[in-house]
Amino acid sequence: MASSAGSSDAILVADDIVVRFETPEGPITAVDNVSFQVRPGEFLSVIGPSGCGKSTLFNVIGGLLNSHDGVVTVAGETICGPHKSIGMVFQEESTFPWRTVTDNVAFPLELVGMPKQKRVERARHFISLVGLDGFENRYPGELSGGMRQRVSLARTLASEPKILLMDEPFAALDEQTRLLLGDKVLQIQQELKQTTLLITHNITEAVQMSDRILVMTYRPGKVKRMVDIDLPRPRTSEIVGSEAFGRYVAEIWSDLREEANRGMRDEEKSALRREERAS
Amino acid sequence: MTMVASPPAISRRDYSAALVGLGSFIAFLLFVEALIRFGFLNRFIVPPPSEIVMSFGRLFAEENIVHRFFFTAGECLLAGVMVTIFGISIGVIMQRFDLLRRACETWVAAFASAPLVLTYPLFMVIFGRNAWTIIMMGFLSALPPVILKTIEGISGTRKVLVNVGRSFNLTPGQQFWKILFPAALPTIFVGIRLGLIFALINIVGTEFLINFGGLGQLINDLAERYDLSGTYAAICFVILVSVVFFIALEKAERWLRPVD
């Protein structure tokens, strides 16, 4: 089931990424020599315990963090900042509360100077794609958390990125909503043949949606292994009941358990050190 | 996946609140009237509300109150426009340049609590005994809250919204007008409201002190004539200026940002 990096026709290549941070306790290597490739149309998930540098990796690939070693390329072009080919969906609620759903989704179209009528039509297409028909004129404050995340997803999709980069977009949602939204993302991904890179700590979510899963170690975040998910497509959340699904979840959990334990012990030690310093 | 129902534009609760507020105010006036009529309050210190109401006609007929109302409101409007333009601009510049902010924020905050109205002789020397002295006093006293709240509003913009802008490759100008400014708008409006309160107090106070202009001068005249009911009636017009500006500001805020 395990495999190494992807093929040479990759649309996204992360090569030897290293990120270090200065902290009061000294320098910390958050991400260490991480390399992987994503093929066009592929759904790749990056999974790891809390503190393994997943979100740091998200910021590096999204071009929001430039102080790193190593290179990220999109279709052969090196990333030195946010790139128009990469659309980002954030973990935190990121809709603009002062804009209606339509205006939120039309935001990237407004930036490229698309005429109003055309951008409203385009926005409605993406609103429909994420299943929010009828809510076009609502404000985010009138929607549930799951619906707001779908607005964020539609807004990112409206910019028609080559790569959809998502950082735990459903982390704040309950399990049932998360599974149903997973279905929606899968449906969209299959419909648009959208290359997707999902950062998550949720094994079920990763197995449900991915073609491959990159498992990371606890700090410093390194590639522990790459797992091919050989489950039939098109998939829905019904797949979570299958035997093969359970085997993948168990396999990835056995990889992650050791790392998660290490992370927990490390956090306990840090808390004790802080307590000692305070006293 | 529950959806939060949107409230109707003006609900029955809003009407009820307005009615209760108006009812409480009328009840308070009746209570004061009763206290005066039964001798618990001296009518030569606090005039009965009924006499204040009766003196409104006199203000219209003899004191040119409409002209004075618009004079003071005009000064307040000009000070408000100036403070909005300059206050927000200074706040944005201070927020943008950290050194400037750290160097000046305390001074601006200290300036807010300074009794500026006492510096009116200086302004009279600079501008003369005219409306500009009054407008500048109002403008300067209103600046600190607008500057401080603009800084607070922009600094308080959620980082994820800024990152959304960055992910879409916004220029600094787009980042400001499309994300930072609308996100900070509710806080900036708090500053403008506070600023207008300071401006109105200082405008009426300066009119009173230099005996020039609109409602402040009239209040001075009436007080010197010991026309207490007229004085209180004129004060009601100052409150009316304040109410008009607050309603206009609320409309402007709803127009710029329809939801919180």
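No hydrogens, no waters, no symmetry mates; every other heavy atom, side chains included, goes into these values. Here is how names work: the chains are called A, B, and so on, in the same order as the sequence lines, proteins then strands, and each is numbered from 1.
- In this structure, the side chains of A:F96 and B:P182 stay at 4.5 Å or more apart for every pair of heavy atoms.
- Here the side chains of B:R166 and A:M88 are not in contact, with every heavy-atom distance at 4.5 Å or above.
- Sparse packing is recorded around CD of B:E250, with 12 or fewer heavy atoms of other residues, nucleotides or ligands lying under 6.0 Å away.
- Proximity to chain A (any heavy atom under 4.5 Å) is restricted, for B:L170, to the side chain, taken from C-beta onward.
- For A:T100, no part lies near chain B; criterion is any non-hydrogen pair under 4.5 Å.
- Highest contact tally toward chain A, considering only B:I179, B:L256, B:T171, is held by B:I179 [criterion: heavy-atom pairs under 4.5 Å].
- Counting heavy-atom pairs under 4.5 Å between each of B:R158, B:K178, B:K159, B:Q174 and chain A puts B:K178 at the top.
- Of the residues considered (A:H83, A:Q176, A:K84, A:R155), A:R155 shows the highest number of contacts with chain B, using heavy-atom pairs under 4.5 Å.
- Around atom CZ of B:F70, no more than 12 heavy atoms belonging to other residues, nucleotides or ligands sit under 6.0 Å away.
- No more than 12 heavy-atom neighbours from other residues, nucleotides or ligands sit within 6.0 angstrom of CZ on A:R20.
- Heavy-atom pairs under 4.5 Å with chain B peak, among A:G62, A:P108, A:G63, at A:P108.
- Around CZ of B:F86, the count of heavy atoms belonging to other residues, nucleotides or ligands within 6.0 Å does not exceed 12.
- Considering all non-hydrogen atoms of both residues, A:S94 and B:V164 come closest at CB-CG2, 3.7 Å.
- Of the inter-residue distances, the one linking A:N59 atom CG with B:N163 atom CG reads 6.5 Å to the nearest 0.5 angstrom.
- At most 12 heavy atoms of other shown residues, nucleotides or ligands fall within 6.0 angstrom of atom NZ in A:K162.
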